[in-house]
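Notes to accompany the following structure.
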Amino acid sequence: MLASGKDGALLRFSLGSEHLKAGHPDTAVTHLRKAVELDPRYTAAWKALGRALAESGQPDAALAAYRQGIAVAEQRGDKQAGKEMTVFARRIERAAK
């Protein structure tokens, strides 16, 4: 689909999610960064990006992604996603101490 020019946030989110499931967090990061670039209000993509960054050994970047995702979730009224990302962010913060 990418090769045919049908790029989009949902496609990138889907590709990123599948790479996460397959154990390829670095490749997932690439697709998920593009997903949030294409749709900065895509809460699920922010959450997945945070996870991918954490799994690829980038806790500071993961924390930044979660914080951005939490802000987006609050703006959109997506309380569950906001709560989940808050929990993940706190885990990273605790691990850094």
Side-chain angles (χ1 to χ4, degrees):
M1 290 179 83
L2 283 177
S4 68
K6 299 195 190 276
D7 201 1
L10 178 60
L11 175 60
R12 293 295 187 139
F13 172 74
S14 299
L15 289 168
S17 295
E18 290 304 312
H19 279 286
L20 265 175
K21 288 180 195 172
H24 306 119
D26 293 330
T27 305
V29 166
T30 301
H31 290 295
L32 294 165
R33 281 195 193 279
K34 187 66 175 178
V36 297
E37 178 186 314
L38 292 167
D39 183 358
R41 295 176 38 97
Y42 198 161
T43 1
W46 283 109
K47 187 171 94 173
L49 176 58
R51 178 179 162 207
L53 287 163
E55 289 185 16
S56 67
Q58 302 177 63
D60 293 337
L63 188 56
Y66 284 137
R67 287 182 177 152
Q68 182 66 37
I70 291 164
V72 169
E74 287 173 358
Q75 291 171 353
R76 300 195 67 202
D78 192 350
K79 293 179 182 179
Q80 183 61 34
K83 286 178 185 178
E84 291 173 8
M85 286 186 276
T86 298
V87 168
F88 300 144
R90 284 185 184 145
R91 287 180 187 161
I92 292 171
E93 290 168 342
R94 278 190 222 119
K97 292 181 180 179

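The structure displayed is predicted, hence computed values, not measured ones. Positions are given from 1, in the same order as the sequence printed here. Hydrogens, waters and symmetry mates play no part in the numbers below; they use all other heavy atoms, side chains included.
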For residues [X] and [Y], report the shortest heavy-atom separation together with the two atoms involved.
X: Lys6; Y: Leu11; result: O-CD2, 3.3 Å
X: Val36; Y: Ala45; result: CG1-CB, 3.7 Å
X: Ala61; Y: Leu53; result: O-CD1, 3.5 Å
X: Ala9; Y: Asp39; result: CB-CB, 3.7 Å

| Residues two or more places apart in sequence or in another chain: which of them pass side chain to side chain contact (heavy atoms under 4.5 Å, CB included) with Gln68? | Trp46, Val72
| said: Taking side chain to side chain contact (heavy atoms under 4.5 Å, CB included) as the definition, give me every residue that meets it alongside Thr86, ordered by chain and number, with sequence neighbours left out. | reply: Ile70, Arg90
Under 3.5 Å, which donor-acceptor pairs link side chains of residues 15-28 to any protein atom two or more places apart or in another chain?
unit_1	atom_1	unit_2	atom_2	d
Ser17	OG	Phe13	O	2.9
Glu18	OE2	Lys21	NZ	3.1

| Sequence-distant partners of Arg33, side chain to side chain donor-acceptor pair (under 3.5 Å), two or more places apart | none
| Interatomic distance, Arg67 atom CZ to Ile92 atom CD1 [nearest 0.5 angstrom] | 9.0 Å
| query | How many angstroms lie between atom CZ of Arg91 and atom CG of Leu63, to the nearest 0.5 angstrom? | reply | 13.5 Å
| Which pairs, with at least one residue in residues 52-96 and sequence neighbours excluded, count as a ring pair (Phe, Tyr, Trp, His ring centres under 6.0 Å)? | Tyr66-Phe88
Expected list for residues 73-81: side-chain donor-acceptor pairs under 3.5 angstrom, two or more places apart:
unit_1	atom_1	unit_2	atom_2	d
Arg76	NH1	Arg41	O	2.8
Asp78	OD2	Thr43	OG1	3.2
Gln80	NE2	Glu84	OE2	3.0

